[in-house]
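Sequence lines set the chain letters: A, B, ... in the order given, protein chains first and strands last, and positions in each chain run from 1. Side chains are part of it too, since the values below use all heavy atoms of this structure and drop only hydrogens, waters and symmetry mates.
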Amino acid sequence: MPAPIQIYNTLTGQKEPFQPLVPGEVRIYVCGPTVYSYVHIGNARTFTSFDVIVRYLRYRGYRVHYVRNFTDVDDKIIKAAQDSGEDPIQLAARFVDAFAEDARALRLIEPDVSPRVSDHIPDIVAFIAKLLERGVAYESQGDVYFAVSKYPAYARLSRRNLDELRAGERVQPGEQKREPLDFALWKAAKPGEPAWDSPWGRGRPGWHIECSAMSMRYLGETLDIHGGGMDLLFPHHENEVAQSEAATGKPFCRYWMHCGFLDLEGAKMSKSLGNVVRLRDALQRVDPEALRCFFLSTHYRSPLAFSDKSLADAELRMEYFYETLRRVDERLGGQDVGPGPVHGQPERFLAEFEAAMDDDFNFAGALGSLSGMFAAMNELVERPPVRDRALVGRTLAQLRRQVRAVASVLGLLEDDPAAWLLRRRERAARAHGIDVARVEQLLGQRQAARAAKDFATADRLREELRALGVSVMDTPQGPVWKVSPPR
RNA sequence: GGCGGCAUAGCCAAGUGGUAAGGCAGGGGUCUGCAAAACCCCGACCCCCGGUUCAAAUCCGGGUGCCGCCUCCA
């Protein structure tokens, strides 16, 4: 049994060895999108982070039960629907579909369950009834509120001072709370809002109760991991803990994980600020794997700044990976090299990768180990340090296998190298207004000149192509070109 | 104001007690008809001031700067 993974637990504020409740199994719940619009790249970063975390837990042999919800009943959805004149449930369903498309494009693995609030009203109603029964919630004119004063550990997760929180809170008009910090479990319906029958009259769930009810439905009363963006820590997750533990008397979640923010031009990006880049728009400009690579370039808890330069760097890195894979696959020729000794210690890169990921999922470190494998493969292909061709082949084959294993955890390098490179070139050519037919024509002329040993003409044509933003590489298989505008 | 986080080469970014991973950009090489790609080499005393220690980027105290949460938000 390898040493346990270390996870930074928001609950305790430190890294802890990960011990799931049931050995070998992980129950993880990630707060999913509120579907009132398209997801933005900040959402995408969080979901990608937990995507890689789940993949790694599986890589380490855990049986993972992965749930990520859709919040499809919510104030913002109702507002968006009112603005557009659409039915709120329908609008939400539309954005659920859009999310599924975006998630596929980003190569996110499917959670085992993706529950929607609208499908779980009975669970939620039962949950609220239980809280009322236990005397930690109260009804007030068709609303139901959680009584924070009945849960002494309130604010422990987010490390807040209860008195100061109380001092700062204000009761919104129309709310019937006993205490400002109390939060709504159930909201009485206003005309035109989606509503369901309940013992307290027609209404709809408050925001926080859904996650407690749905996570318990699918994962039981105690979660191993609960994840989400930093901003959900308070009040959302705090409230989840309060209502869940008040209902069951058991710990709600053992490890809380919070993902850092994606900044846009030095400022936080959020739908309310309006400085939002939609995921689907970003994917028009950048390769999905390059976007993932960008997300993985820093630790999941650190802030990450979105910029064209960073994206371009990530795409360059992916290009390097794929160009190397193309060479390696060519060299290996799909042949089974068979067992035998290998050169050096290729397995050390895998050990490096696992050490990085075991340490609170150190994405940047993991990416570094992947780079090491590529440098090693390139050396073996281009400058073999030993003469024994079979030895080199076996070493390459092992590295290639390791790359596959690591890349499948990171969700990278899942394309055919040639196809990926061609797609990138086409996108770049389009972006720079490069006429591909013209390039091919000049390339043909240059090849003819080279065949005739007319190097002066060949060089002139190379310069001409360069002026177009095209660089040409002569390889044994003929010339290859790519878009590389002067930087 | 309260709570939390961060400050590492031109830029991005790992490393959390023993003299600094990786990527981009830059310089020098190898290779090449010329190139490109690839590979190799070169580059930081880790925000400032104190302290602990044989030893600190790494721990403690203070300062400065930036960011997030405290209201919907991944």
Side-chain angles (χ1 to χ4, degrees), chain A residues 10 13 15 30-34 36 39-50 74-76 79 155 158-161 163-165 167-170 172 207 227-236 238 258-263 266-273 276 293-294 296-299 301-305 307 309-310 312-317 319-320 323-324 326-327 352 356 359 362-372 374-385 450 453-456 458-459 462-463 465-466 470-475 479-482 484 487:
Chain A
T10 308
K15 286 184 199 170
V30 175
C31 283
T34 299
Y36 65 102
V39 291
H40 56 64
I41 49 176
N43 299 306
R45 186 214 177 171
T46 298
F47 297 140
T48 302
S49 295
F50 287 105
D74 173 85
D75 291 351
K76 290 195 296 295
K79 179 161 190 319
S158 55
R159 271 174 257 285
R160 313 264 161 160
N161 182 307
D163 293 330
E164 281 168 6
L165 279 176
E169 271 295 316
R170 281 184 44 230
Q172 297 295 311
W207 176 34
M230 287 286 190
D231 55 334
L232 295 183
L233 177 55
F234 188 91
H236 184 54
E238 196 66 59
H258 290 98
C259 186
F261 268 97
L262 188 71
D263 298 333
K268 171 190 168 177
M269 178 179 62
S270 73
K271 293 176 187 174
S272 53
L273 289 179
V276 166
C293 186
F294 162 66
L296 298 175
S297 67
T298 187
H299 193 277
R301 283 189 282 115
S302 303
L304 176 60
S307 72
K309 169 76 162 67
S310 306
D313 279 0
E315 200 154 298
L316 268 173
R317 198 168 203 178
E319 183 177 50
Y320 165 78
E323 279 184 345
T324 302
R326 179 169 62 184
R327 270 192 295 276
E352 222 177 274
D359 182 14
N362 183 344
F363 295 162
L367 218 44
S369 72
L370 189 64
S371 290
F374 278 82
M377 287 194 295
N378 272 312
E379 187 192 11
L380 288 163
V381 172
E382 302 286 331
R383 305 279 166 101
R450 290 183 71 217
K453 303 269 186 218
D454 179 2
F455 293 121
D459 288 349
R462 178 191 285 289
E463 280 312 308
L465 283 158
R466 183 186 303 286
V470 168
S471 67
V472 181
M473 291 150 277
D474 293 317
T475 77
V480 175
W481 66 277
K482 67 175 178 178
S484 56
R487 286 171 67 113

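Side-chain contact of Ser297(A) with Arg317(A): a donor-acceptor pair under 3.5 Å is absent, judged by distance alone. Using modelled atom types, one finds a donor on one side chain and an acceptor on the other under 3.5 Å when comparing Thr324(A) with Asn378(A). Side chains of Ser307(A) and Ser310(A): a donor-acceptor N/O pair is present below 3.5 angstrom, by distance only.
Both distances falling under 3.5 Å, in either a Watson-Crick or a G-U wobble arrangement, occur for no nucleotide opposite C45(B). Using Watson-Crick or G-U wobble geometry with both donor-acceptor distances under 3.5 Å, C3(B) finds its partner in G68(B). Base pairing annotation: A9(B) forms no Watson-Crick or G-U wobble pair, as no partner gives both donor-acceptor distances under 3.5 Å. Of the nucleotides present, none pairs with C73(B) by Watson-Crick or G-U wobble criteria with both distances under 3.5 Å. Using the Watson-Crick or G-U wobble rule with both distances under 3.5 Å, C59(B) pairs with G51(B). Across every strand in view, C39(B) sits in a pair with G29(B) that passes the Watson-Crick or G-U test at under 3.5 angstrom.
OP1 or OP2 of A14(B) sits under 4.0 Å from a side-chain N or O of Thr298(A). When the side-chain nitrogen and oxygen atoms of Asn43(A) are compared with OP1 and OP2 of C73(B), none of them lie within a distance under 4.0 Å. The shortest distance between the side-chain N/O atoms of Tyr320(A) and the OP1/OP2 oxygens of G22(B) is not below 4.0 Å.
Across all strands shown, Ala314(A) has no heavy atoms under 4.0 Å from either base or sugar-phosphate atoms. Within the nucleic acid shown, Asp459(A) comes within 4.0 Å of at least one base atom, counting heavy atoms only. Counting any heavy atom pair closer than 4.0 Å across all strands shown, Gly42(A) reaches a base atom. Note on Trp481(A): nothing from the nucleic acid sits closer than 4.0 angstrom, heavy atoms only. Counting non-hydrogen atoms under 4.0 angstrom, Leu370(A) reaches nothing in the nucleic acid. At a threshold of 4.0 angstrom between heavy atoms, the contacts of Phe363(A) with the nucleic acid are absent. Looking at heavy-atom distances under 4.0 Å, Ser310(A) makes no contact with the nucleic acid at all. Residue Leu367(A) is classed as having no contact, given no heavy-atom separation below 4.0 Å to the nucleic acid. Asp74(A) comes within 4.0 angstrom of no nucleic acid atom, judged by non-hydrogen atoms across all strands. Within 4.0 Å of His236(A), counting heavy atoms only, lies no atom of the nucleic acid at all.
Distance check on atom P: U58(B) versus G51(B) gives 14 Å, rounded to whole Å. Spacing between U16(B) and A55(B) at atom C1', rounded to whole Å, works out to 15 Å. Separation of the P atoms belonging to G65(B) and G26(B) is 35 Å when rounded to the nearest angstrom. The P atoms of G27(B) and A74(B) are separated by 45 Å, rounded to the nearest whole Å. Comparing the P positions of A25(B) and G17(B) gives a spacing of 33 Å, expressed to the nearest Å. Rounded to whole Å, the C1' atom of G62(B) lies 37 Å from the corresponding atom of C24(B).
Of the candidate nucleotides G33(B), A14(B), C72(B), C72(B) has the atom nearest to the side chain of Trp207(A). Among the nucleotides A37(B), A74(B), A14(B), the one closest to the side chain of Ala364(A) is A14(B). Across A14(B), A74(B), G33(B), the shortest atom-to-atom separation from the side chain of Thr34(A) is found for A74(B). Checking A36(B), A38(B), A13(B) against every side-chain atom of Glu382(A), the shortest atom distance belongs to A38(B). Residue Asn362(A) has its side chain nearest to A14(B) when only A14(B), C39(B), U16(B) are considered. Candidate nucleotides G22(B), G33(B), A74(B) were compared by shortest atom distance to the side chain of Arg317(A), and G22(B) ranks first. Comparing atom distances between the Arg462(A) side chain and each of A25(B), A35(B), C69(B) picks out A35(B) as nearest.
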Derivation of the salt bridge (charged side-chain N to carboxylate O under 4.0 Å, His left out) call for Asp474(A) and Arg462(A): CA-CA 11 Å; Asp474(A) 293 317; Arg462(A) 178 191 285 289; 3.4 Å; yes
Step-by-step salt bridge (charged side-chain N to carboxylate O under 4.0 Å, His left out) determination, Lys482(A) to Glu319(A): CA-CA 11 Å; Lys482(A) 67 175 178 178; Glu319(A) 183 177 50; 3.7 Å; yes
| said: Checking Asp75(A) against Lys79(A) for the salt bridge (charged side-chain N to carboxylate O under 4.0 Å, His left out) test, could you report, in this order, the C-alpha distance in whole Å, the side-chain angles of both residues, the deciding distance, and whether it holds? | reply: CA-CA 6 Å; Asp75(A) 291 351; Lys79(A) 179 161 190 319; over 6 Å; no
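Counting to the nearest Å, the C1' atom of U71(B) and the CG atom of Leu233(A) are 15 Å from each other. For Leu304(A) and G68(B), the CG to P distance is 14 Å, given to the nearest whole Å. The CD atom of Glu352(A) sits 9 Å away from the P atom of G22(B) (whole-angstrom rounding). Remark: C1' of A38(B) and CG of Asn378(A) are 5 Å apart, rounded to the nearest angstrom. Protein atom CD of Glu323(A) is 11 Å distant from nucleotide atom P of C39(B), rounded to whole Å. Atom CD of Glu379(A) is separated from atom P of C40(B) by 6 Å (rounded to the nearest Å). Regarding Phe374(A), its CZ atom lies at a distance of 18 Å from the P atom of A37(B), rounded to whole Å. Atom C1' of nucleotide G26(B) and atom CG of Asp313(A) are separated by 14 Å, given to the nearest angstrom.
Using a 4.5 Å heavy-atom threshold, the side chains of Val472(A) and Val480(A) count as separate. Within the 4.5 Å cutoff, side-chain heavy atoms of Arg160(A) are placed close to those of Phe234(A).
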Quick test: give all pairs of protein nitrogen or oxygen and nucleotides 1-5 of chain B nitrogen or oxygen below 3.5 Å, distance rounded to 0.1 Å.
| unit_1 | atom_1 | unit_2 | atom_2 | d |
| --- | --- | --- | --- | --- |
| G2(B) | O2' | Glu164(A) | OE1 | 2.8 |
| G2(B) | N2 | Arg160(A) | NH1 | 3.4 |
| C3(B) | O2' | Arg159(A) | O | 3.1 |

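Looking at Arg450(A) and Asp459(A), no side-chain N of the basic residue comes within less than 4.0 Å of a carboxylate O on the acidic one, giving no salt bridge.
Between Tyr320(A) and Phe374(A), the ring planes lie tilted relative to each other; the angle falls in the 30° to 60° range.
For Asp263(A) against C67(B), a side-chain-to-base donor-acceptor contact under 3.5 Å is absent. Contact annotation: side chain of Arg45(A) to base of A74(B), donor-acceptor pair absent below 3.5 Å.
A residue-by-residue look at Gly229(A) and Arg383(A) shows that Arg383(A) has its nearest nucleotide of RNA chain B further toward the 5' end. The residue among Ser371(A) and Gly260(A) whose nearest nucleotide of RNA chain B lies closer to the 5′ end is Ser371(A).
For the pair Arg327(A) (side chain) and Val381(A) (backbone), a donor-acceptor distance under 3.5 Å is absent. With Asp359(A) contributing its side chain and Asn362(A) its backbone, the two residues share no donor-acceptor pair below 3.5 Å.
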